[in-house]
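Report on the structure given below.
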Amino acid sequence: MLGIYFSGTRNTEYCVKLLSSLLGETETVSLENPSAAKKLEENDTIIFGYPVQFSNIPYFVRTFIEKNGEIWKGKQVLCLATMGAFSGDGAGCAARLLEKKGAVILGGVHVKMPDSVCDSPLLKKSFEENQQLVEKATEKIEKVASDIKRQIYPKEGLSFLAHVIGLFGQRLWFYHKTRAYTKKLNIHENCNGCGICAQNCPTQNLSLLDGKAVAGNRCTMCYRCISKCPQKAITLLGKKVVDQHVITKYV
Ligand SMILES: Cc1cc2nc3c(=O)[nH]c(=O)nc-3n(C[C@H](O)[C@H](O)[C@H](O)COP(=O)(O)O)c2cc1C
């Protein structure tokens, strides 16, 4: 078994690593790792984790699935989607795509985690509330692991009803946001050119020019750079960084 994940601000990484270790399987790999496709090829049972974006899968994740289309054939996959509040069919979004590539879907898990959109006050919770969310998420993953050991797989986000809720609840209205990479990342005046954003970007969308960060047109909206910038000089959906998200604060 292999735990494979994409994780902008490490919520999903936390969940996939926890589930994998509870199932006695310690190997996990990020989609960003150049060896991810090879590891995928070598394993038949996969835990596939990603964060929900506008009730959809991040474009980076979609691209990985498409690029490695042949490898998924016959794989048994459990889709694990993390989210700040709601997705409807977060797990189903990847599950449907993977089924088209010949994968067998074992189940779907939805895990509520702290919201990673750190430049908007919209879904912000207090430190204690986020701590409780992570505690509940941990308990849920422990329960999922114990069920899986008895061959019971959760089916969250996989039903037709979930599909309809995800579609009409959000995805339809925001579909354009996840259909491709975006060029809308904003670097503000106070950038001091430290380069942390460029070093951490999963799509190599950031570079340094004349001592300042510059964003290209390959942002997958993962929010990692925004959460890591020491100057709080990067924004995407909002205008000002409210609360940089780091899962380690709550574990
Ligand atoms: C661009 C963007 C869009 C998001 N859209 C949703 C959403 O539609 N529903 C939801 O519940 N959470 C949404 N979230 C929150 C994330 O899914 C959630 O915080 C996730 O656990 C982050 O995982 P990560 O740390 O592994 O990147 C969104 C986050 C981002 C950055």
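Scope of the values below: all heavy atoms of this structure, side chains included, with no hydrogens, waters or symmetry mates.
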(request) Answer yes when E27 and K17 have at least one side-chain N-carboxylate O distance shorter than 4.0 Å, and no when they do not. (result) no
(request) Identify whether the distance between the nearest side-chain nitrogen and carboxylate oxygen of E66 and K101 falls below 4.0 Å. (result) yes
(message) Regarding D243 and K125, does a basic nitrogen lie under 4.0 Å from an acidic carboxylate oxygen?
(response) no
(request) List the steps and the verdict of side-chain contact (heavy atoms from CB on, under 4.5 Å) for L185 and I226. (result) CA-CA 9 Å; L185 200 67; I226 303 172; 4.1 Å; yes
(message) Salt bridge or not between E189 and K212? Use side-chain N to carboxylate O under 4.0 Å.
(response) no
(message) In this structure, is the centre-to-centre distance between the rings of Y250 and F127 below 6.0 Å?
(response) yes
(message) Go through it in stages, so that I can follow the logic: the residues are I47 and M1, the test is side-chain contact (heavy atoms from CB on, under 4.5 Å), and I'd like the CA-CA distance, side-chain angles, deciding distance and then a yes or no.
(response) CA-CA 8 Å; I47 299 169; M1 188 190 283; 3.8 Å; yes
(message) Tell me if the centroids of the rings in Y50 and F6 come within less than 6.0 Å of each other.
(response) no
(request) Identify whether the distance between the nearest side-chain nitrogen and carboxylate oxygen of R10 and E13 falls below 4.0 Å. (result) yes
(request) Please determine if D89 and R96 form a salt bridge, counting it only when a charged side-chain N lies under 4.0 Å from a carboxylate O. (result) yes
(request) Indicate whether the side chain of T138 and that of Y14 have a donor and an acceptor atom separated by less than 3.5 Å. (result) yes
(message) Do N56 and R62 pair up side chain to side chain, a donor and an acceptor below 3.5 Å, judged on atom types alone?
(response) yes
(request) For the residue pair S55 and S87, confirm or rule out a side-chain donor-acceptor distance under 3.5 Å. (result) no
(request) Indicate whether the side chain of D119 and that of T235 have a donor and an acceptor atom separated by less than 3.5 Å. (result) no
(message) Could you check whether D115 pairs with K124 (Lys NZ or Arg NE/NH1/NH2 to Asp/Glu carboxylate O, under 4.0 Å)?
(response) yes
